[in-house]
Protein chains: 2
Amino acid sequence: MLRTLSVAAAVRCPLRLSRPCPLPGPLLLGLLSRQVREAAGSAGAECGSVLKTPKGTRDHHPAQMALRERLFGTVVACFKRHGAAAIDTPVLELRETLMEKYGDNSKLIYELQDQGGELLALRYDLTVPFARYLAMNKITNIKRYHIAKVYRRDNPAMTRGRYREFYQCDFDIAGQFDPMIPDAECLKIVHEILSELQIGDFLIKVNDRRILNGMFAICGIPESKLVTMCSTLDKLDKMPWEEVRNEMVGEKGLSPEAADRIGEYVQLHGGMDLIEQLLQDPKLSQNKLAKEGLGDMKLLFEYLTLFGITGKISFDLSLARGLDYYTGVIIEAVLLQQENDHGEESVSVGSVAGGGRYDGLVATFDPKGRKVPCVGISIGIERIFSILEQRMKASGEKVRTTETQVMVATPQKHLLSARLKLISELWDAGIKAEMMYRKDPKLLKQLQYCEDMGIPLVAIIGEQELRDGVVKLRDAATREEVDIPREELAAEIRRRLETCTTGNPAAPQPLPSC
Amino acid sequence: MLRTLSVAAAVRCPLRLSRPCPLPGPLLLGLLSRQVREAAGSAGAECGSVLKTPKGTRDHHPAQMALRERLFGTVVACFKRHGAAAIDTPVLELRETLMEKYGDNSKLIYELQDQGGELLALRYDLTVPFARYLAMNKITNIKRYHIAKVYRRDNPAMTRGRYREFYQCDFDIAGQFDPMIPDAECLKIVHEILSELQIGDFLIKVNDRRILNGMFAICGIPESKLVTMCSTLDKLDKMPWEEVRNEMVGEKGLSPEAADRIGEYVQLHGGMDLIEQLLQDPKLSQNKLAKEGLGDMKLLFEYLTLFGITGKISFDLSLARGLDYYTGVIIEAVLLQQENDHGEESVSVGSVAGGGRYDGLVATFDPKGRKVPCVGISIGIERIFSILEQRMKASGEKVRTTETQVMVATPQKHLLSARLKLISELWDAGIKAEMMYRKDPKLLKQLQYCEDMGIPLVAIIGEQELRDGVVKLRDAATREEVDIPREELAAEIRRRLETCTTGNPAAPQPLPSC
């Protein structure tokens, strides 16, 4: 049985827990305890009030940046593999550009002080600026990615690991195309990225706004209750249907009969079989919207079958997603975890990607209301980063924070000039090299620095080497030393480090063990 | 003769003209005319008021992003070659962190609306947040780079090409080391980057705050007038000494004698000879600060000689730089241009890098006032970007905005499934591949897309190829077609594109001609 504990995701930010989790899994607990410390803005211990970052923000240290660079590297490589171009938009937008795009969440937008001139705000996501960009530049056809920070004046509730400044990682396809081909590619991308990152088993849920709307209609739920019903429905992740039904009938004032009709549908999930079954459903197949959505869902699954990825895709009628602007397919990927104490049971430990089709958003910016159909996904990079960071800590793996290939060292005093001359030659030959900023450092200290920083090679130049026109090249791991003619040093360093390139193309640096 | 028209650079942002230039060089004029259009925030032509980016900000299109990626690639490669680690700090800082750090320029800081909670502002540069980071985390020793956006509510005066949101590209070395070794490395880095970018001839000016202060002291200029005198001095770039002298005596109320004494010094520039000469100067050598500064300048030039870069370094007594926080070496790099109508005359067309030593800034954040000496440089990435962009436009070079290696195409109808299956195989093999999002696109349209996007190869799969278990691989440039066994396709694509890798390591993409 598959039980999901927490799915998340306000407004295309699928990585953030939007509610407290009554039954957190062990991984989630681990993550949150860390995030509790960080969520309130990190601060030095004995410092005055000025010595902190703002609430909900944090600095990134070199080790975190190295990990982030690897993570972004994998994601960007995938986006580029699918032919995406990069764009960038300002962090600042006119306040009116963002207003009325996020419903209730608009209150979370950071506004700038009126210092004269335009009224400004910080972007809340990358999707609305993308739509503004398309309309403003009259672009009707683009495949782009955008990785950048967004800002939400969210309550950084301790238990939810929610940041106020965080990265989004978006891939979107804009343009009028044949149905479901770009939508299928978006799912393929999520599948590729989550597979490559090896962050554990995952499931990609799909649904369609049209199927949801049709389903609500045939169950006799008035359109005015659609939004509130979706938000209740969303809780099916972490409470049984009975409780969700109680809320629908009690709090939301739905008739018990309507609730039961909904209940029949939203507990369904599956693949092509379920789509075929619903296409035969006497009530649902009579609804125009639902029928259209189901037809496209069938097409989508045909394409996903050709991609060979249906094993991790679930057509899930309970998937609603919060956002008003979705008009077709909606997507959400969750990580699964075997619960230790329940044996076989898979538990969702949170959303790591989300997205969907939004065919109407660009038109809201176009003076003539011209539509540019769009579909896109957002990778929950912050959540994934937390998982990788925690795993790295647990494994004790030391991340290199620099890519230095060789340390230039001297074994005697009065050799600073020799060091400066040699390191300059290496830099000019494109070798990544460091030396200590001391006139006469002890050799032991220089070797110690090498070890601390994981620098694989040491180029030692002493009086004897200067006389002989050689440099002693030392392997930091084996401590083996060989004299190399000075003019061959750069080539030799390059040769040595090529032979120990690791198999991970995402790693931007030679590993310390090399 | 070397005449500088405009040097720039408020607060480590060496790329921005801080004053109107009475005598702009031809390149500068070209740049400005473009920037005039952009500086006020770009907007669509027929759009309502909402359809624009905020004043002083702009979107970056795919071609600009591709160029920016190459540029950042070159800069980051250099920073990494010198052993720097990356850090990141929030765009938001507490208002009190930034206040009183920028003198008069504090009025240019963007402040956020008080929406309850902390009072926040957008970072004005990367240096003050770096100092805050060091003090907060008690880091006394780090070599880091940081490339990120900063914000200045500057008047985006049309003629100055000034943006309100722009990138800074900083490299800094923090720690207590032997004199001038890290300082020399900073100059080496500027030299390497400006050489590699091939944006034209350049000159790196250096001076020392202590020499400036000593010089002012022995000329009888009271300390209270130091700041205002530095700002007048700064104008020596673009007006002759006589005019600068008039301003000093007239507006600033300096005695003619004091002005003449200053004049003797500030018109001097040179190398080791000048340093030796000033060390013998009866007045200057009696001043403790100046003597210390000159001694270190001599050491610096010794190291720069070992690096082989003194040819492009000028010890320039008129270099002042605006910032209060510098305490030792100050640096500014300018591009030079042969003036057409004056034959041999070299003209500075603007600052492209700047920096210096700031040994006291971290202590202003430390509760116990502990010092962490720092020296750093900032590459004027926006100015350089403008130059490269203009050059690219002039040359008509087409920038590829994607890295797609192969287009998967079908020559007949009803082959969407075949295309989807093949492209999926290629993606899974790590090949960058695209196809048209159409059920039955015409072959010509598919080839046209290839040409438009600069995709070097086409993998054509038709009925015959499907029967034969092959794929027709077409070279987009030569139009040559060869049947390749399907299972060898990915390897063949990789082999073909490896053989035409260009020599430019900064290029993140195979060039269209490949």
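FYI, side chains are in, hydrogens and waters are out, and symmetry mates aren't considered; it's all heavy atoms of this structure. Lettering of chains follows the sequences in order, A, B, ..., and the numbering in each one begins at 1.
Nearest approach of B:Leu120 to A:Pro54, heavy atoms of both residues: CD2-CB, 3.5 Å.
In this structure, no portion of A:Leu426 lies under 4.5 Å from any heavy atom of chain B. Looking at A:Glu192, only its side chain comes within 4.5 Å of chain B, counting heavy atoms on both sides. Only the side chain of A:Lys149 comes within contact range of chain B, with at least one heavy atom under 4.5 Å from a heavy atom of that chain. Looking at A:Phe79, neither its backbone nor its side chain comes within 4.5 Å of chain B, counting heavy atoms on both sides. There is no contact between A:Glu425 and chain B, counting heavy-atom distances below 4.5 Å. Using a 4.5 Å cut-off between heavy atoms, A:Ala86 touches chain B through backbone and side chain atoms alike. Contacts between B:Ile109 and chain A at a heavy-atom distance below 4.5 Å involve the backbone alone (N, CA, C, O). Interface remark: A:Leu119 contributes no atoms to any contact with chain B (heavy atom separation under 4.5 Å). Only the backbone of A:Ile431 comes within less than 4.5 Å of a heavy atom of chain B; no side-chain atom from C-beta onward does. Both the backbone and the side chain of B:Lys439 have a heavy atom closer than 4.5 Å to some heavy atom of chain A. Heavy atoms closer than 4.5 Å to chain B are found nowhere in A:Arg68, neither backbone nor side chain.
Between atom NE2 of residue A:His146 and atom NE2 of residue B:His60 there is a gap of 10.5 Å, rounded to the nearest 0.5 Å. Interatomic distance, B:Met136 CE to A:Thr53 OG1, rounded to the nearest 0.5 Å: 5.0 Å. Note that CG of B:Leu306 is 11.5 Å distant from CZ of A:Arg419, once rounded to the nearest 0.5 Å. If you take CD on A:Glu96 and CG on B:Leu51, they are separated by 10.0 Å, rounding to the nearest 0.5 Å. A:Arg58 contributes atom CZ, which lies 13.0 Å from atom OG1 of B:Thr89 (distance to the nearest 0.5 angstrom). Note: A:Asp88 CG to B:Met65 CE = 5.0 Å, rounded to the nearest 0.5 Å.
No donor-acceptor pair closer than 3.5 Å links the side chain of B:Gln113 to the backbone N or O of A:Ala121.
Ranked by heavy-atom pairs under 4.5 Å with chain B, the list A:Pro62, A:Pro90, A:Gly83, A:Ala85 is led by A:Pro90. Your options are B:Asp440, B:Leu112, B:Ile87, B:Asp366, and the one with the most heavy-atom pairs under 4.5 Å with chain A is B:Leu112. Between chain B and the residues A:Arg438, A:Met436, A:Lys143, the largest count of heavy-atom pairs under 4.5 Å involves A:Arg438. For chain A, the option among B:Tyr303, B:Phe365, B:Phe177 with the highest count of heavy-atom pairs below 4.5 Å is B:Phe177. The choice from B:Met435, B:Lys421, B:Lys188 that makes the most heavy-atom pairs within less than 4.5 Å of chain A is B:Lys188. Between chain A and the options B:Met453, B:Met180, B:Gln176, the largest number of non-hydrogen pairs under 4.5 Å is found for B:Gln176.
With sequence neighbours excluded, the residues satisfying salt bridge (Lys or Arg N to Asp or Glu O under 4.0 Å) with B:Glu196 are B:Arg81.
Counting only heavy atoms from C-beta outward, the side chains of B:Leu420 and A:Glu302 never approach each other to under 4.5 Å.
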Trace of the salt bridge (charged side-chain N to carboxylate O under 4.0 Å, His left out) decision for B:Arg123 with A:Glu165: CA-CA 14 Å; B:Arg123 64 181 164 209; A:Glu165 176 187 70; over 6 Å; no
Verdict with reasoning, B:Leu122 to A:Val91, per side chain to side chain contact (heavy atoms under 4.5 Å, CB included): CA-CA 11 Å; B:Leu122 302 187; A:Val91 168; over 6 Å; no
Chi angles and distances behind the side chain to side chain contact (heavy atoms under 4.5 Å, CB included) call for B:Leu416, A:Asp178: CA-CA 11 Å; B:Leu416 174 59; A:Asp178 283 326; over 6 Å; no
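Between B:Trp427 and A:His82, the ring planes are tilted. Angles from 30° to 60° get that label.
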Show the atom names and distances, to 0.1 Å, of all donor-acceptor pairs under 3.5 Å that link a side chain in residues 128-135 of chain A to residues at least two apart or in another chain.
unit_1, atom_1, unit_2, atom_2, d
A:Arg132, NE, A:Glu93, OE1, 3.1
A:Arg132, NH1, B:Asp59, OD1, 3.4
A:Arg132, NH1, B:Asp59, OD2, 2.6
A:Arg132, NH2, A:Glu93, OE2, 2.8
A:Arg132, NH2, B:Asp59, OD1, 3.0
A:Tyr133, OH, B:His61, ND1, 2.6

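Looking at B:Glu118 and A:Arg164, no side-chain N of the basic residue comes within less than 4.0 Å of a carboxylate O on the acidic one, giving no salt bridge.
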